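Structure, as structure tokens:
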Amino acid sequence: EDVRSAAARLPRDVTQSLVNGDSAAGALAERPVERGLLLVAETADGLTGAVVGPASVTELSGDQLDDVVHTMSGDPHSETVTISDLGTYRIQTAAIQSTGQIIVIGLPTAEVQATIGRLWRTIMLATIGGMVLLGIATTLGIRAGLRPLRAVAETATRVAQQPLDQ
């Protein structure tokens, strides 16, 4: 879902730069796009790709382009792909309407995975804490319920210790 919204938010001048033959890095340079955005496109010169880093836009290597290229088809679809040296990305293939040019837009999944990990840990700690509290409450409840039986047992023990022949 976030990849689709990132694709929708992709500035029009980025797609226009790609149509004009710019590389993906050139199309993303100095444009207001979110950090981590991955863009791969088919141009007249072949495949071009770039990722927006914290300080600059970095061109993708041939191996990184190969990691993405198997997802590029004419049918728009989403997929998760691991890109060497970058991590796992959720990518969406799309076509530029005016030219039919195929592009791939992706966002890193690291932040989502970290959030899921924190949520999982919180749920596990809450479950363990709840089970400990349940165990303590059960122990106290059983002890309170057996208190009258203990009193009867103590009385029976005292009676049994008395001489019964008198």
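Treat the numbers as computed from the prediction; the structure is a model and nothing was measured.
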*Hey, what do you get for CG (Leu107) to CG (Leu37), rounding to the nearest 0.5 Å?*
6.0 Å

*To the nearest 0.5 Å, how far apart are CG in Leu86 and OG1 in Thr58?*
8.5 Å

*Where do Gly36 and Pro108 come nearest, in terms of heavy atoms and distance?*
O-CD, 3.3 Å

_On a heavy-atom basis, which atom in Ile103 and which in Ala41 lie closest, and how many Å separate them?_
CG2-CB, 3.7 Å

*asked:* Just so I know, are the side chains of Tyr89 and Val68 near enough to count as touching, which here means a heavy-atom distance under 4.5 Å?
replied: no

_Closest heavy-atom pair and its distance - Thr48, Ala24_ = OG1-N, 2.9 Å

*Can you name the nearest heavy-atom pair linking Ala25 to Val57, along with the distance?*
CA-CG1, 3.7 Å

*Shortest non-hydrogen contact from Glu79 to Arg90?*
C-NH1, 3.3 Å

*Given the rule in the side-chain contact (heavy atoms from CB on, under 4.5 Å) test, do Leu38 and Leu60 qualify, once you have shown the distances and angles that lead to the verdict?*
CA-CA 9 Å; Leu38 171 84; Leu60 295 181; 3.5 Å; yes

*asked:* Nearest 0.5 angstrom please: Thr109 OG1 to Ile91 CD1, how far?
replied: 11.5 Å

*Would you check if Asp67 and Thr82 make a side-chain contact, meaning some heavy-atom pair closer than 4.5 Å?*
no

*Any side chain to side chain donor-acceptor pair (under 3.5 Å) pairs touching residues 128-157, not counting sequence neighbours?*
Thr155-Arg158

_Once rounded to the nearest 0.5 Å, what's the spacing between atom CG of Leu28 and atom CD of Glu59?_
9.5 Å

*asked:* As an exercise, state the distance from CG of Asp63 to CD1 of Ile83, rounded to the nearest 0.5 Å.
replied: 12.0 Å

Could you go through residues 114-131 and list every donor-acceptor pair under 3.5 Å that involves a side-chain atom there, pairing it with any protein atom two or more places apart or in another chain?
unit_1, atom_1, unit_2, atom_2, d
Thr115, OG1, Glu111, O, 3.0
Thr115, OG1, Arg118, NH2, 3.2
Thr122, OG1, Arg118, O, 2.9
Thr127, OG1, Ile123, O, 2.8

